[in-house]
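Small disclaimer: the values here were computed from a predicted structure and weren't measured.
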Amino acid sequence: MDYRSVGVDVAEADKLVQWLKKKSSLSSCSRVLSGIGAYSGLFQAVFPDMDEPCISASVDGVGTKLQLAVHFKRYVEVGQDLVAMCVNDLICSGAKPLFFMDYYACAQLLQKPAREFLTGVQKACEQSHCYLLGGETAEMPDSYTGLHFDCAGFALGVVDRAKILGAHKVEVGDRLIGVSSSGFHSNGFSLLRKIFQSDISLWEEELLKPTALYVSLSLELFKIKGLKAIAHITGGGMDNLLRVLPKKTAAAINIWNIPKPFMEVKRRTGMDLLELMKVLNCGIGLIVVISAKDVNQIGQLVKSKGFEVIDLGVVVSKKEQAPSWYIHS
């Protein structure tokens, strides 16, 4: 009996590492002091343009959307999903992503799906102005079956303390600007897979659209003095806005043109509109909170990055026992 006889092939793992080393761009960054395959990733933390640099970190996964990736044998998109779910959280603190690391666990380490997945991860890192600093693969035949796998991602960024975004900067009268999503992103798939189960092949492209990457947009938004907060709309839908609203304030929301795939979910489930908006992103990937006097700077900037702009409403004073966000009539 040896390791290979129980389903773990160390040679395949090494082959994947060698392949990734050839594709890696780490050597082009003087601040990266280690390469793919080291015991740990080393990044030189020098931030001369910041007075009080603060580290921002996030971790996330892709959830049961992975089951659709396996079903359709498409893995590049969920690689982007993994990066996006992490870096899109980082920017909400005002942080610029520095590097990303991933964990990939499967029953049997097959080169094709693993390489496709890591290709998606690496490309998403490049588009998000950060480096894939390292990662881990785990072959666990007793924990996973067939082609099924799981993944997790970890991103680290930096923000100057005075420029940290959040509820502490938000005031009554600030405007709420929505930035369009690319689709369902990677939330709600335990529900979505059941809803579209009978005609899933017709919905393949829509369901597997990768989560939009908002880092390039955020780096431009950070230059606007009146920027107060950013909310990443993930699982829980519009309730994510509560993370950036200070106590005694609420959000008066204008109804927007919700994309057809989300309305199809509403039709098939019988959910009312408010419930739908508490489950899925309904076409909104980010909500930017900005001072009213600076709101005109947002529109053209968002459009230049390929996203739609939605005038979502305003921050108001909250009345006792009133909801923290509500549809403004």
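Proximity of a side-chain donor or acceptor of S218 to a complementary backbone N or O of V215 within less than 3.5 Å is detected. A donor-acceptor pair is defined here as one N or O able to donate and one able to accept, closer than 3.5 Å; such a pair exists between the side chain of D272 and the backbone of E275. In this structure, H168 contributes its side chain and I164 its backbone to a donor-acceptor pair below 3.5 Å. S182 contributes a side-chain N or O that, together with a main-chain N or O of A212, makes up a donor-acceptor pair within less than 3.5 Å. Remark: side-chain polar atoms of S180 are paired, donor with acceptor, to backbone N or O of E308 under 3.5 angstrom.
A pairwise comparison of heavy atoms in G146 and A107 identifies O-CB, 3.6 Å as the closest pair. Taking every heavy atom of both residues into account, M140 and A105 meet most closely at CE-CB, 3.8 Å. Contact between P323 and Y326 at its shortest, heavy atoms only, is CG-CB, 3.9 Å. Nearest heavy atoms, C130 versus F100: SG-CB, 4.3 Å. D294 approaches I224 most closely through the heavy-atom pair CB-CG2, 4.1 Å. The two residues A95 and S56 have their closest heavy-atom pair at CB-CB, 3.6 Å.
Distance check, rounded to the nearest 0.5 Å: CD1 of I327 to CD1 of I255 gives 4.5 Å. Distance CG/L280 to CE/M238: 12.5 Å, rounded to 0.5 Å. The CG atom of L82 sits 8.5 Å away from atom CG of L66, with the distance rounded to the nearest 0.5 Å. Remark: K194 NZ to T64 OG1 distance equals 8.5 Å, nearest 0.5 Å. With rounding to the nearest 0.5 Å, the separation of CD1 in I284 from CG in N240 is 12.5 Å. To the nearest 0.5 Å, atoms CG (L213) and NZ (K123) are separated by 12.5 Å.
Between E264 and R268 a salt bridge is recorded (basic side-chain N to carboxylate O distance below 4.0 Å). Note on E52 versus K163: no salt bridge recorded, every NZ/NE/NH1/NH2 to OD/OE distance being 4.0 Å or above. Salt bridge D51/R161: absent, no basic N to carboxylate O contact under 4.0 Å. The pair E220-K223 counts as a salt bridge, with a side-chain nitrogen and a carboxylate oxygen less than 4.0 angstrom apart.
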> Please walk me through it: do R74 and E204 pass salt bridge (charged side-chain N to carboxylate O under 4.0 Å, His left out)?
Replying inline: CA-CA 10 Å; R74 291 174 56 170; E204 177 183 349; 2.9 Å; yes
>> I'd like to know whether F149 forms a side chain to side chain contact (heavy atoms under 4.5 Å, CB included) with F117, so could you lay out the CA-CA distance, the side-chain angles of the two residues, the decisive distance to 0.1 Å, and finally the verdict.
In response: CA-CA 11 Å; F149 70 101; F117 171 78; 4.3 Å; yes
>> Applying side chain to side chain contact (heavy atoms under 4.5 Å, CB included) to I258 and L273, what does each step give before you reach the verdict?
In response: CA-CA 10 Å; I258 296 175; L273 188 58; 3.5 Å; yes
>> Under the criterion salt bridge (charged side-chain N to carboxylate O under 4.0 Å, His left out), I'd like the reasoning laid out for E77 against K209: C-alpha separation, chi angles, the key distance, then a yes or no.
In response: CA-CA 7 Å; E77 293 92 341; K209 282 182 181 176; over 6 Å; no
>> Is there a salt bridge (charged side-chain N to carboxylate O under 4.0 Å, His left out) between K15 and E12? Walk through the geometry before answering.
In response: CA-CA 5 Å; K15 189 187 296 183; E12 286 299 306; 3.2 Å; yes
> Hey, mind stepping through V179 and I287 against side chain to side chain contact (heavy atoms under 4.5 Å, CB included) and telling me if it holds?
Replying inline: CA-CA 6 Å; V179 179; I287 297 178; over 6 Å; no
> Would S291 and D174 satisfy side-chain hydrogen bond (donor to acceptor under 3.5 Å, both in side chains), going step by step from the backbone distance to the final call?
Replying inline: CA-CA 5 Å; S291 64; D174 286 341; 5.5 Å; no
>> With side chain to side chain contact (heavy atoms under 4.5 Å, CB included) as the criterion, how do N281 and F262 come out once you've worked through the C-alpha distance, each side chain's angles and the decisive distance to 0.1 Å?
In response: CA-CA 9 Å; N281 69 58; F262 297 94; 3.3 Å; yes
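Around atom CD of Q44, more than 12 heavy atoms belonging to other residues, nucleotides or ligands sit under 6.0 Å away. No more than 12 heavy atoms of other residues, nucleotides or ligands sit less than 6.0 Å from atom NZ of K96.
For S58, the side-chain contact (heavy atoms from CB on, under 4.5 Å) partners two or more places apart in sequence, or in a different chain, are C86, D89, L90, A155.
Contact of the L312 side chain with the I177 side chain is not registered, since no non-hydrogen atoms from C-beta on lie closer than 4.5 Å. Side chains of D102 and C151 form no contact here, defined as non-hydrogen atoms less than 4.5 Å apart. Taking the side chain as every heavy atom from C-beta outward, L16 and Y104 never approach each other to under 4.5 Å. Side-chain contact check for F307 versus L301: every heavy-atom pair is 4.5 Å or farther apart. Between V158 and M50 there is a side-chain heavy-atom pair separated by less than 4.5 Å. Between I298 and L221 the shortest side-chain heavy-atom distance falls below 4.5 Å. Contact of the V295 side chain with the I290 side chain is registered, since non-hydrogen atoms from C-beta on lie closer than 4.5 Å. Using a 4.5 Å cut-off on side-chain heavy atoms (C-beta onward), V62 and M85 make no contact.
When ring centroids are compared, F154 and Y103 stay outside the 6.0 Å threshold.
With hydrogens and angles left out, the side-chain atoms of E139 and Q108 include no donor and acceptor closer than 3.5 Å. Side-chain N/O atoms of T234 and H185 include no donor and acceptor closer than 3.5 Å. Side-chain contact, W325 with D239: a donor N or O sits under 3.5 Å from an acceptor N or O.
Placement of L98 and M101 within a single hydrophobic cluster is found when ILVMFWY residues are connected by side-chain heavy-atom separations under 4.5 Å, directly or transitively.
Relative ring orientation between F99 and F43 is described as tilted, the plane-to-plane angle lying within the 30° to 60° band. Note: W203 and F196 have tilted aromatic rings, judged against thresholds of 30 and 60 degrees for the angle between ring planes.
Of the listed residues (V172, V316, V244), just one forms a side chain to side chain contact (heavy atoms under 4.5 Å, CB included) with T249, and that residue is V172.
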